[in-house]
Chemist: 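There's a structure below that I have some questions on.
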Number of protein chains: 2
Amino acid sequence: MLGLMQDWPLLCHRVIDHAAIQHGGREVVSRSVEGPLHRTTYREVRRRAMQVAQRLGRDGIKAGDRVATLAWNTWRHLEAWYGITGLGAVYHTINPRLFPDQIAYIANHAEDRLMFVDLTFVPLVEKLQERLPTIERYVVLTDAAHMPQTSLRNAVAYEEWIAEVDGDFAWVTLDENAAAGMCYTSGTTGNPKGVVYSHRSNVLHSMMAVAPDAFDLSVRDAIMPVVPFFHANGWSIAFSAPMTGCKLVLPGAKLDGASVYELLESEGVTMTAGVPTVWLALLAHMEANGLKLSTLRRALIGGSACPRAMIQKFEQTYNVHVAHAWGMTEMSPIGSICGIKPDYGTPDFEGVLDIKMKQGSAPFTVEMKIADDAGKDVPWDGKTFGRLMVRGVCVAREYFRGEGGDILDPDGFFDTGDVATIDPYGNMQITDRAKDVIKSGGEWISTIELENLAVGHPKVAEAAVIGVRHPKWDERPLLVIVPKKDEKIEKDEIIAFMQGKIAKWWMPDDVVFVDEIPHTATGKIQKTALRERFKDYTFPTQAAAE
Amino acid sequence: MLGLMQDWPLLCHRVIDHAAIQHGGREVVSRSVEGPLHRTTYREVRRRAMQVAQRLGRDGIKAGDRVATLAWNTWRHLEAWYGITGLGAVYHTINPRLFPDQIAYIANHAEDRLMFVDLTFVPLVEKLQERLPTIERYVVLTDAAHMPQTSLRNAVAYEEWIAEVDGDFAWVTLDENAAAGMCYTSGTTGNPKGVVYSHRSNVLHSMMAVAPDAFDLSVRDAIMPVVPFFHANGWSIAFSAPMTGCKLVLPGAKLDGASVYELLESEGVTMTAGVPTVWLALLAHMEANGLKLSTLRRALIGGSACPRAMIQKFEQTYNVHVAHAWGMTEMSPIGSICGIKPDYGTPDFEGVLDIKMKQGSAPFTVEMKIADDAGKDVPWDGKTFGRLMVRGVCVAREYFRGEGGDILDPDGFFDTGDVATIDPYGNMQITDRAKDVIKSGGEWISTIELENLAVGHPKVAEAAVIGVRHPKWDERPLLVIVPKKDEKIEKDEIIAFMQGKIAKWWMPDDVVFVDEIPHTATGKIQKTALRERFKDYTFPTQAAAE
């Protein structure tokens with residue numbers, strides 16, 4: 001027996017329709033790539049997104065075709081997303097911070113037919129375009145006045161391009177499982193793999209995300225996604241903001257502390273979202289200039305683990321609640337968000353920080369488990385490490401073109417590649433990447449925890465821990481340190497600093513000092529390179545153990 | 001091209017799974033029908049719901065079968081819902097306030113095979129059971145100690161019944177469009193009609209409902225649905241509370257002011273939901289005893305229009321935010337919720353009340369329009385009346401067994417039978433029922449507005465307005481008044497009271513005084529009966545007009 005409810009597919013364009021109808025006058029404020037602030041509304045965004053869809057159609061783009069965007073967060077990028085999905089085509093956000101080889105690889109792998117490109121990236125793409133044969137046209141996200149001389153194939157200024165149609169267009173009718181968007185994961189090894197979001201997953205993810213224990217988005221909010229749309233589906237804010245009808249503030253190309261601060265204050269931003277690096281810059285800017293935040297009440301921080309000092313500063317100095325979150329491109333991307341569940345009672349501030357260091361609890365639509373190497377569940381005691389596995393309505397079941405093969409376990413769980421603990425109240429904490437965790441005598445040691453501890457030393461600029469082969473324990477931790485400029489540290493100083501703060505058997509067997517630690521295109525420590533560099537290293541203690 | 005996200009159907013049992021896993025220790029506190037408070041947890045509710053499902057199976061209940069509940073809000077009723085849906089069967093909530101004839105009609109129409117029944121209603125059903133041939137077994141929601149002597153067919157105490165199985169059960173696998181629940185609408189005319197909710201619509205409705213601009217439910221909340229589960233799908237709180245993991249407080253059979261107040265305070269309730277009648281009783285109790293509310297922060301009020309004085313008292317005297325809502329059984333049930341959108345600027349308190357008198361804005365998943373009798377859209381100016389039409393993912397497309405025929409317009413909109421205005425910011429206000437609105441010289445007059453005005457007079461206990469045939473204007477309003485006990489009012493007094501507060505042409509042509517106004521089973525004014533009573537009435541002014 002079936003229910004007798006309406007057939008109302010969950011489609012991305014229904015989100016912008018809702019915003020335009022119920023919250024049509026609400027502002028979308030962008031720092032344009034050309035410079036000045038630009039103000040528009042959801043009603044206008046929808047109107048122009050229809051022009052985008054219509055104009056794409058005239059360029060021969062059809063449902064299912066991939067359309068790339070290489071762009072900052074601006075109103076035009078937003079319009080492009082809705083225009084693309086409203087035609088049934090698939091937005092493919094490209095991270096401009098990827099290496100040119102990777103950009104070429106993914107654009108070709110996706111067979112992108114058209115690319116929306118910001119002024120910033122025109123030179124980059126000009127150099128690359130010979131290697132992008134599938135792209136038939138480049139639409140530069142600007143107007144005629146700012147259109148550069150360019151060699152880009154069939155290049156046209158966005159404003160001129162959409163002005164060629166009247167916007168008399170009806171969104172196409174689609175299956176809610178149709179592809180809506182793509183984002184490639186930038187793994188540290190192998191070629192990037194394409195995650196394909198559906199209309200259904202994007203809409204459901206946003207419905208989940210607006211909830212009080214997630215983004216907590218109300219029509220009275222003003223949200224600024226500092227996280228770029230090209231980072232892990234833009235954390236779905238291009239959908240969750242219009243779904244709520246809140247004001248949307250888009251920072252464009254300027255993500256430095258001063259520029260972010262300026263927008264937070266001038267636009268009355270109440271909620272923001274981004275990676276720790278951006279907040280480091282913001283906090284430094286505010287401290288250097290004795291500034292306060294007058295409207296911001298909540299910051300969603302994810303992408304990498306949020307340092308304790310950052311949470312403390314936001315909460316204590318600036319009275320901003322930090323929602324520490326974790327997710328993956330493969331999860332659309334939210335996997336967990338941390339809050340203080342009532343189970344914890346009423347902890348003091350240090351207790352709150354202890355909890356907020358966790359990446360948090362899975363919202364409805366996400367299922368989590370932690371398992372040992374044999375696939376057996378390990379207990380939720382807040383201590384036992386396990387491989388973090390996820391299942392849910394917004395979780396990838398496979399990569400584009402089947403790359404990477406079967407990625408789900410027999411129960412349908414996706415292996416995140418992370419190692420985590422989950423406490424008795426369901427709050428998860430990432431302890432390491434599965435490939436980085438050190439397996440010492442059958443027990444697991446978190447390299448991240450050791451790194452976080454080491455960077456707490458006032459003379460340490462950056463720290464990385466890798467496992468090095470050990471004849472007795474299989475692997476033991478080696479701590480690699482970049483000292484702060486003009487600082488000199490001794491190994492004993494670091495070891496003494498760490499003593500008493502970790503279990504004895506976690507203590508690194510040695511500390512080495514280097515000038516630089518290698519990073520990936522997205523700023524993560526490239527541990528493969530470190531492991532390669534130290535592959536012939538032997539511990540000073542090793543002779544004794546042998 | 002399809003998305004590559006996981007196939008993860010939206011099923012009711014995933015909600016209680018989520019609650020049990022992520023918020024397993026959170027309390028579900030009920031006032032038992034037997035008397036004492038009962039405390040359990042989501043983990044336990046899920047465990048026992050699995051026993052219910054398993055035990056129903058042993059009684060031969062299969063996927064798609066309808067299982068009736070005639071019960072108050074308690075943990076056992078909650079377990080029954082999840083047990084029923086987890087087996088793929090369909091919960092059918094029956095409103096015990098319906099006339100026995102109607103109860104018999106709908107139980108037969110639904111072909112209910114089993115009924116969960118509260119102690120309260122055993123005598124009612126004993127009298128009725130001969131007319132309920134499809135019901136094979138009655139499960140009385142109590143334990144052995146409280147089980148009454150009863151003639152009910154195959155009667156068994158719930159606790160004994162579920163104790164016969166071990167709970168080793170796996171939820172059945174279902175299409176998300178499978179039927180999950182049923183609720184009959186109790187129209188003022190004709191037989192009740194069955195609305196059939198799907199798993200998908202229940203889950204989506206709850207995801208929509210937890211949002212900050214709807215119920216605003218967080219894991220840190222304690223919600224008490226005073227609205228019974230049998231009223232319009234229980235406003236979906238049986239799903240939205242576990243989805244959030246908030247504490248759930250269930251008031252059982254005692255909905256009087258003192259009992260409701262006691263639970264609000266003793267259980268630290270932060271959010272509640274119910275119809276105005278309940279709040280009248282609560283406010284009266286608190287006023288009479290000089291009481292305050294120490295934890296309640298938000299009250300969702302719907303079911304019928306919330307009087308201005310009630311909103312004012314909650315907000316001003318008790319510091320409780322009122323979320324004025326509107327919905328229908330056919331809408332799962334939320335259609336709109338009122339909040340102060342930023343478009344209104346910063347109104348003073350009277351301005352806030354003006355806005356909160358509206359039933360509010362459609363959340364995402366609900367589309368609204370207002371249309372004239374010809375089906376043409378009328379403007380959203382906050383003044384123009386139109387028939388309120390809705391479309392959406394949780395809106396009925398037809399009634400059970402096709403009763404009432406085709407209920408959607410060519411664009412797929414459902415006619416709510418209400419007449420409303422929508423203001424430029426999307427906030428809707430019900431002005432009348434379509435069959436009650438008075439059409440005077442081509443313009444529409446709201447009987448509800450006239451009634452609300454009239455009951456504001458200190459000597460008026462109740463007021464009803466009906467349209468009476470008029471040779472010149474087609475229809476003109478007749479105001480019917482029940483004076484307060486021992487009060488005597490004159491027509492001129494009422495007219496003078498209303499003057500200046502409404503447009504001149506809205507003024508009732510006559511006022512008549514009666515001892516009583518007829519009501520439906522659910523407490524609504526039975527205007528059909530009033531119209532019948534006054535069908536031969538002629539206005540004193542009519543002779544002059546003719």
Chemist: Shorter than 4.5 Å, heavy atoms on both sides: which option in A:F400, A:F215, A:W8, A:Y425 has the most such pairs with chain B?
Modeler: A:W8

Chemist: Which residue out of B:D17, B:V219, B:D65 racks up the most heavy-atom pairs below 4.5 Å with chain A?
Modeler: B:V219

Chemist: So which part of A:L174 gets closer than 4.5 Å to some heavy atom of chain B, the side chain, the backbone, both or neither?
Modeler: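 Interface part for A:L174: neither.
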
Chemist: Does B:T416 use its side chain to pair, donor to acceptor, with the backbone of B:M389 at less than 3.5 Å?
Modeler: no

Chemist: Between chain B and each of A:V395, A:L217, A:N177, A:T365, count heavy-atom pairs under 4.5 Å; write down the option with the most.
Modeler: A:V395

Chemist: List the steps, then state whether salt bridge (charged side-chain N to carboxylate O under 4.0 Å, His left out) holds for B:R297 with B:D221.
Modeler: CA-CA 10 Å; B:R297 63 173 181 85; B:D221 278 305; 3.0 Å; yes

Chemist: Answer yes or no: is there a donor N or O on one side and an acceptor on the other, between the side chain of B:S332 and the main chain of B:C394, under 3.5 Å?
Modeler: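 Pair found, side chain donor or acceptor close to backbone of B:C394.
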
Chemist: Check each atom of A:I21 against the heavy atoms of chain B and say whether the ones under 4.5 Å are side chain, backbone, both or neither.
Modeler: both

Chemist: Against chain A, work out which of B:C246, B:G181, B:S201 has the most heavy-atom pairs shorter than 4.5 Å and name it.
Modeler: B:S201

Chemist: Among A:R26, A:R14, A:E367, which has the most heavy-atom pairs under 4.5 Å with chain B?
Modeler: A:R26

Chemist: Tell me, for A:Y197 versus chain B, whether the close heavy atoms (under 4.5 Å) come from the side chain, the backbone, both or neither.
Modeler: both

Chemist: Less than 3.5 Å apart, any donor N or O on the side chain of B:Y344 or B:D423 sitting next to an acceptor on the other?
Modeler: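 Yes, a side-chain donor-acceptor pair sits under 3.5 Å.
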
Chemist: Just so I understand: if I count every heavy-atom pair under 4.5 Å between each of B:I340, B:V366, B:L408 and chain A, which residue has the most?
Modeler: B:I340

Chemist: Is it true that B:D112 and B:R66 have a side-chain N and a carboxylate O under 4.0 angstrom from each other?
Modeler: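 No, no charged N to carboxylate O under 4.0 Å.
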
Chemist: If you tally heavy-atom pairs under 4.5 Å against chain A, which of B:H199, B:M182, B:H18 wins?
Modeler: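 Highest number of heavy-atom pairs under 4.5 Å: B:H18.
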
Chemist: Taking every non-hydrogen pair under 4.5 Å, which of A:P9, A:G426, A:A214, A:P212 racks up the most with chain B?
Modeler: A:P212

Chemist: If we define contacts as heavy-atom pairs under 4.5 Å, which of B:P342, B:S198, B:G64 has the most with chain A?
Modeler: B:P342

Chemist: If you count heavy-atom pairs under 4.5 Å with chain B, which of A:T244, A:V90, A:L10, A:D7 comes out on top?
Modeler: A:L10

Chemist: Check each atom of A:A362 against the heavy atoms of chain B and say whether the ones under 4.5 Å are side chain, backbone, both or neither.
Modeler: both

Chemist: Out of A:P424, A:S218, A:G412, A:P242, return the one with the most heavy atom pairs under 4.5 angstrom to chain B.
Modeler: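 Going by pairs under 4.5 Å, I would pick A:S218.
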
Chemist: Sort A:P363 into side chain, backbone, both or neither according to what part of it lies under 4.5 angstrom from a heavy atom of chain B.
Modeler: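 Contact with chain B involves the backbone of A:P363 alone.
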
Chemist: Could you tell me which portion of B:V15 (side chain, backbone, both or neither) has an atom closer than 4.5 angstrom to a non-hydrogen atom of chain A?
Modeler: both

Chemist: Shorter than 4.5 Å, heavy atoms on both sides: which option in B:V196, B:V393, B:L4 has the most such pairs with chain A?
Modeler: B:L4

Chemist: Establish, from distance only, whether the side-chain atoms of A:S361 and B:Q22 form a donor-acceptor pair under 3.5 Å.
Modeler: yes

Chemist: Verify the distance criterion only: is there a donor paired with an acceptor across the side chains of A:N233 and A:Y91 at less than 3.5 Å?
Modeler: yes

Chemist: Is there a donor in the side chain of A:H109 and an acceptor in the side chain of A:Y184, or the other way round, less than 3.5 Å apart?
Modeler: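 Present: a donor and an acceptor within the cut-off.
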
Chemist: Would A:R391 and A:D409 pass as an ion pair if we require N to O under 4.0 Å?
Modeler: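 No, A:R391 and A:D409 are not salt-bridged.
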
Chemist: Between B:R397 and B:E330, is there a side-chain N and carboxylate O pair less than 4.0 Å apart?
Modeler: no

Chemist: With only heavy atoms counted, which part of A:Y399 is less than 4.5 Å from chain B, the side chain, the backbone, both or neither?
Modeler: backbone

Chemist: Between B:K247 and B:E267, is there a donor-acceptor pair closer than 3.5 Å when you use the side chain of the first and the backbone of the second?
Modeler: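 Yes: the side chain of B:K247 pairs with the backbone of B:E267.
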
Chemist: Where on B:L204 is there a heavy atom nearer than 4.5 Å to chain A: the side chain, the backbone, both, or neither?
Modeler: both

Chemist: Considering only NZ, NE, NH1 and NH2 on the basic side and carboxylate oxygens on the acidic side, decide whether B:D175 and B:R200 come within less than 4.0 Å.
Modeler: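 No, B:D175 and B:R200 are not salt-bridged.
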
